[in-house]
Amino acid sequence: MECSNLSAPNEFILSGFPYPQGFKLPLLLFFSIMFALTLSGNSLIILMVISDLQLHKPMYWFLCNLSILDMTLSLHKPMYWLLCHLSILDIAFSSVVVPKVIAGFIPGGKVISFKGCVTQLYFFHFLGCAESLLYTLMAYDRFLAICKPLHYGNIMNWKVCLLLCLGTVIGGSLNSTFQTFLTFHLPYGQKYYIDYVFCDIPAMLKLACVDTKLNELMSFIDIGLVAMTCFLLILASYVYIILAILKISSSEGRNKAFSTCTAHLIVVGIYYLPVIYHYLRPATQGSMDGVVSVFYTTVTPLLNPLIYTLRNKEMKTALVKLRHKNSE
């Protein structure tokens, strides 16, 4: 790599997705439709939570979709305001990456300025970390609601919910600030071609003119292992949840509860597994890995409204009320 010019580059060129030329228009339409559905679905959740007074309670901050347990947990219902928080993160997370992916199918759309690259990397990791923490907290909330129902009301109050929401934001911001600084304080040479679909740490490290082993190690520890830890904590929570479900006397109740757990774990898996795959092997990341990144930047934000809303009785009731209100 040529490193005679170590001044900060004015712009980068993203490789984008490798695809046959005949798939350009279908892929452009696919990502555009997915992005539009993500924005509309998550915006609808936010609107429902804000407009329905029945959801304006501390207990609605967290989403626990095991509605079949309502008879035994009638005083320990999910906190939907945290679902609203998740929807906001989903909209922002998808908006950081997908519009630039869409622009990559348009002539000249693969160019991104240096400041734009810094901004994209910062918000990608900020929102990604915040969402990882949020998924973990939501799993913990389900654990408390189902396995510790008598203590749930005392533990999950407005103060705790607000602090947990604030904690996800602060944690994501600190993590992203640290990673962004480590990445962009490095000297870059004259090679401005990023072999990836957006500005991300492993792809940027390939352009640096110095040894990046320390950066790779920090990325491995701070992102890969943290994501794996969150994922394992979620799985541990669901082990206890499943054991509690097995104690339900009704077979219909068990089947519905297992169905809901499966849906939640699918969303968690689609989000976490690609992240772990990327950041536990950063040195080998290439443009083809961008296909994997679609799952947690495009698919997961789209699935969340479906999984957490259409399978929930109270959210469906809020949707009906909102439709009647708009039709009047």
Side-chain angles (χ1 to χ4, degrees), residues 42 46 58 60-64 78-97 118-144 155-185 198-202 204 214-238 264 267-280 282 293 296-297 300-301 304 308:
N42 285 284
I46 297 171
Y60 291 108
W61 273 76
F62 288 140
L63 175 69
C64 172
M79 299 180 179
Y80 291 109
W81 274 101
L82 196 51
L83 173 59
C84 182
H85 183 47
L86 176 61
S87 294
I88 294 173
L89 290 180
D90 277 339
I91 291 174
F93 191 44
S94 183
S95 299
V96 168
V97 174
V118 175
T119 302
Q120 186 180 56
L121 187 145
Y122 172 81
F123 280 103
F124 174 74
H125 286 279
F126 164 41
L127 296 167
C129 181
E131 193 153 324
S132 295
L133 296 174
L134 185 58
Y135 278 125
T136 308
L137 292 176
M138 292 172 73
Y140 178 65
D141 172 77
R142 296 187 187 98
F143 163 76
L144 289 177
I155 297 175
M156 289 299 172
N157 51 53
W158 271 109
K159 183 178 180 180
V160 172
C161 294
L162 288 172
L163 288 176
L164 290 176
C165 285
L166 184 61
T168 62
V169 174
I170 294 175
S173 179
L174 292 175
N175 175 275
S176 183
T177 300
F178 176 67
Q179 289 296 332
T180 303
F181 172 78
L182 284 181
T183 301
F184 287 99
H185 89 286
F198 58 92
C199 293
D200 198 9
I201 294 172
M204 295 303 301
L214 177 60
N215 294 72
E216 292 173 8
L217 178 62
M218 295 306 299
S219 177
F220 175 88
I221 296 174
D222 191 40
I223 302 176
L225 292 184
V226 169
M228 179 175 285
T229 300
C230 291
F231 182 63
L232 292 177
L233 288 174
I234 292 172
L235 292 183
S237 297
Y238 271 100
H264 291 171
V267 172
V268 169
I270 291 175
Y271 179 81
Y272 276 101
L273 294 181
V275 174
I276 295 171
Y277 171 80
H278 275 305
Y279 297 102
L280 292 184
S293 69
Y296 61 91
T297 59
T300 304
N304 280 334
Y308 293 116

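Because the structure is a prediction, the values reported are computed rather than measured.
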Would you say [X] and [Y] make side-chain contact, with heavy atoms under 4.5 Å?
| X | Y | result |
| --- | --- | --- |
| Leu121 | Phe184 | yes |
| Phe123 | Ser176 | no |
| Asn175 | Asp222 | yes |
| Cys230 | Tyr135 | no |

Would you give me the side-chain donor-acceptor pairs under 3.5 Å for residues 160-167, sequence neighbours excluded?
none

Working to the nearest 0.5 angstrom, can you tell me the gap between [X] [atom1] and [Y] [atom2]?
| X | Y | atom1 | atom2 | result |
| --- | --- | --- | --- | --- |
| Thr180 | His125 | OG1 | NE2 | 7.0 Å |
| Met228 | Leu273 | CE | CG | 9.0 Å |
| Ile201 | Phe220 | CD1 | CZ | 14.0 Å |
| Leu127 | Ile91 | CG | CD1 | 11.5 Å |
| Ile223 | Asp200 | CD1 | CG | 7.0 Å |
| Leu89 | Ser94 | CG | OG | 12.0 Å |

At their closest point, which heavy atom of [X] faces which heavy atom of [Y], and how far apart are they?
| X | Y | value |
| --- | --- | --- |
| Tyr122 | Ser173 | OH-OG, 3.2 Å |
| Leu134 | Thr168 | N-CG2, 4.0 Å |
| Met218 | Gln179 | O-NE2, 3.6 Å |
| Pro274 | Gly269 | CD-O, 3.6 Å |
| Thr136 | Ser132 | OG1-O, 2.9 Å |

With no hydrogens and no angle check, is any side-chain donor or acceptor of [X] less than 3.5 Å from a backbone partner on [Y]?
| X | Y | value |
| --- | --- | --- |
| Tyr271 | Gly128 | yes |
| Ser219 | Asn215 | no |
| Gln120 | Val96 | yes |
| Thr229 | Leu225 | yes |

Sorted by chain and number, sequence neighbours left out, ring pair (Phe, Tyr, Trp, His ring centres under 6.0 Å) with Phe124 holds for Phe93, Phe198

List the steps, then state whether side chain to side chain contact (heavy atoms under 4.5 Å, CB included) holds for Phe126 with Thr177. CA-CA 8 Å; Phe126 164 41; Thr177 300; over 6 Å; no

